Amino acid sequence: MAGTAVRGRLSWQTATVGPVTDETAKVRTLRLEVPDWPGHRAGQHVDIRLTADDGYQAERAYSIASAPGEPLAITVERLDDGEVSPYLTEEARTGDQLEVRGPIGGYFVWEPGSDSGGPLLLAAGGSGVVPLRAIVRERSRAGSSVPVRLLYSSRSWEDVIYSSELDLPPDGVTVIYTLTRTQPPAWHGYARRVDEQMLTEVAWPASERPLAYVCGPTNFVESVAAGLVALGYPPGRVKTERFGATGQ
Ligand SMILES: Cc1cc2nc3c(=O)[nH]c(=O)nc-3n(C[C@H](O)[C@H](O)[C@H](O)COP(=O)(O)OP(=O)(O)OC[C@H]3O[C@@H](n4cnc5c(N)ncnc54)[C@H](O)[C@@H]3O)c2cc1C
């Protein structure tokens with residue numbers, strides 16, 4: 001039976017695009033309806049495959065934006081010169097079909113109890129907030145009270161994804177923003193790239209045995225993970241997910 005389940009997850013299935021939600025000018029959330037979706041865990045991703053009329057295929061990975069038990073959803077940021085993200089953010093319409101494979105991944109998953117009791121530090125660069133949003137939702141859904149700090153780096157306030165949801169975080173969840181390029185008038189948050197000083201101010205002290213999830217462009221992930229290790233986080237307590245060289 002286990003073999004059947006694994007084969008099922010790794011095979012391509014047809015998904016129908018459900019409701020789409022514009023999150024920012026460049027970012028859109030798409031609900032994907034997949035018959036017999038086996039369910040997913042917070043922090044997993046799917047592969048999406050598109051096939052052109054001439055048979056050319058392109059596939060990319062997208063984190064699952066929804067919590068376990070919620071309908072499957074992905075949130076995609078448009079890279080103007082990209083192959084797949086412009087289609088998903090601009091052309092895909094409700095009712096369109098594409099192929100999906102998953103859920104994939106176990107290492108970046110968070111489940112209640114998987115934190116060995118320490119608080120959670122979530123650090124996101126740009127669309128790296130997607131799987132972390134699934135983790136925050138799963139914490140609420142599961143009734144966990146683990147304290148959470150989410151450090152979220154965006155270029156500007158207009159680029160903040162899920163802003164209305166993150167503006168009203170659940171009890172025990174604190175969201176700290178840094179806006180690296182432009183800031184609204186009277187902005188009181190951080191206004192630079194994440195650095196060691198910022199991590200010193202924001203991150204839970206290593207003595208509290210926190211568990212960290214860091215996600216975003218490769219350069220963001222590497223610098224934040226290195227900063228946390230410099231603060232005394234054991235490397236094994238810093239989980240990383242790299243989206244690739246998409247700068248932010
Ligand atoms: C595990 C995982 C989860 C992810 N989750 C998300 C998510 O939740 N949301 C999200 O928006 N993205 C996510 N990504 C990123 C996503 O998979 C895609 O990489 C992203 O959408 C860009 O795809 P694209 O086809 O639009 O761009 P691509 O066509 O892949 O191009 C990407 C960039 O690379 C440049 N480029 C392409 N080819 C070359 C070349 N030969 N030489 C030099 N530069 C080149 C392009 O100019 C462009 O700027 C995730 C990635 C991973 C690995």
Side-chain angles (χ1 to χ4, degrees), residues 9-10 12 15 17-18 20-32 34 37 40-52 54 56-68 70-92 96 98-110 122-138 150 152-156 158-163 165-166 212-222 224-225 238-248:
R9 280 201 297 278
L10 295 182
W12 291 101
V17 177
V20 298
T21 309
D22 288 328
E23 305 284 356
T24 73
K26 298 180 81 165
V27 177
R28 173 182 270 190
T29 295
L30 300 95
R31 273 252 304 270
L32 299 176
V34 183
W37 179 245
H40 56 269
R41 298 187 288 159
Q44 289 188 299
H45 66 274
V46 291
D47 288 338
I48 299 288
R49 183 164 73 180
L50 305 179
T51 305
D54 64 0
Y56 174 77
Q57 293 188 319
E59 65 183 73
R60 298 287 184 274
Y62 291 98
S63 298
I64 298 173
S66 45
E70 296 178 340
L72 176 65
I74 58 172
T75 300
V76 181
E77 176 180 12
R78 184 180 74 241
L79 301 186
D80 290 328
D81 53 357
E83 227 172 41
V84 170
S85 62
Y87 171 81
L88 292 174
T89 51
E90 294 189 317
E91 291 176 45
D96 286 356
L98 43 77
E99 286 178 290
V100 62
R101 181 170 67 178
I104 299 168
Y107 158 79
F108 202 71
V109 162
W110 178 81
L122 310 178
S127 55
V129 74
V130 175
L132 307 184
R133 182 251 206 152
I135 289 174
V136 171
R137 285 192 166 198
E138 170 61 355
L150 167 60
Y152 181 9
S153 174
S154 299
R155 292 188 190 96
S156 70
E158 291 72 31
D159 290 307
V160 171
I161 307 170
Y162 313 133
S163 56
E165 186 172 326
L166 297 179
Y213 288 74
V214 184
C215 186
T218 300
N219 55 355
F220 171 89
V221 170
E222 288 177 357
V224 172
V238 181
K239 293 177 182 272
T240 55
E241 183 96 285
R242 293 164 175 77
F243 278 6
T246 52
Q248 64 99 33

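Counting starts at 1 for both ligands and their atoms, in listed order. Keep in mind that what you see is a predicted model, and the values were worked out from it rather than measured.
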### Query
With a 4.0 Å cut-off on heavy atoms, is Pro86 touching ligand 1?
yes
### His45 side chain vs Pro103 backbone, donor-acceptor pair below 3.5 Å
no
### Query
Hey, which atoms in ligand 1 end up nearer than 4.0 Å to a heavy atom of Glu83?
24 (P), 25 (O), 26 (O), 27 (O), 28 (P), 29 (O)
### Query
Where's the contact between Val130 and ligand 1, heavy-atom distance under 4.0 Å: side chain, backbone, both or neither?
side chain
### Query
Among all residues two or more places apart in sequence or in another chain, which pass the salt bridge (Lys or Arg N to Asp or Glu O under 4.0 Å) test with Arg137?
Glu70, Glu165
### Query
So, Glu77 side chain and Val27 main chain: donor-acceptor pair closer than 3.5 Å or not?
no
### Query
Can you list the atoms of ligand 1 that are under 4.0 Å from a heavy atom of Val76?
11 (O)
### Query
Does Gly82 reach ligand 1 with a nitrogen or oxygen that is under 3.5 Å from one of the ligand's nitrogen or oxygen atoms?
no
### Query
Going by distance only, is there an N or O of His45 that falls short of 3.5 Å from an N or O of ligand 1?
no
### Task
Going by heavy-atom distance to atom 25 (O) of ligand 1, choose the closest among Val84, Ile48, Ile104.
Val84
### Query
For ligand 1, which atoms, with element, lie under 4.0 Å from some heavy atom of Glu241?
1 (C)
### Task
Using atom types as modelled and distance alone, determine if a side-chain donor or acceptor of Arg133 lies under 3.5 Å from a backbone N or O of Ala65.
yes
### Message
Tell me whether ligand 1 is touched by Arg242 - counting only heavy atoms on the residue side and a distance under 4.0 Å.
### Response
yes
### Query
Considering only heavy atoms from C-beta outward, does the side chain of Glu83 approach that of Arg60 to under 4.5 Å?
yes
### Task
Determine whether the side chain, the backbone, both or neither of Thr75 has a heavy atom under 4.0 Å from any heavy atom of ligand 1.
backbone
### Message
Show, in sequence, the C-alpha distance, side-chain angles and deciding distance for Leu88 and Leu98, and conclude whether the side chain to side chain contact (heavy atoms under 4.5 Å, CB included) test is met.
### Response
CA-CA 10 Å; Leu88 292 174; Leu98 43 77; 3.7 Å; yes
### Exam field: side chain Ser85 to backbone Leu79, donor-acceptor pair closer than 3.5 Å
yes
### Query
Glu90 pairs by salt bridge (charged side-chain N to carboxylate O under 4.0 Å, His left out) with which of Arg78, Arg28, Lys26?
Arg78
### Task
Ignoring hydrogens, just give me the one of Phe108, Phe243, Tyr87 whose non-hydrogen atom is nearest atom 13 (C) of ligand 1.
Phe243
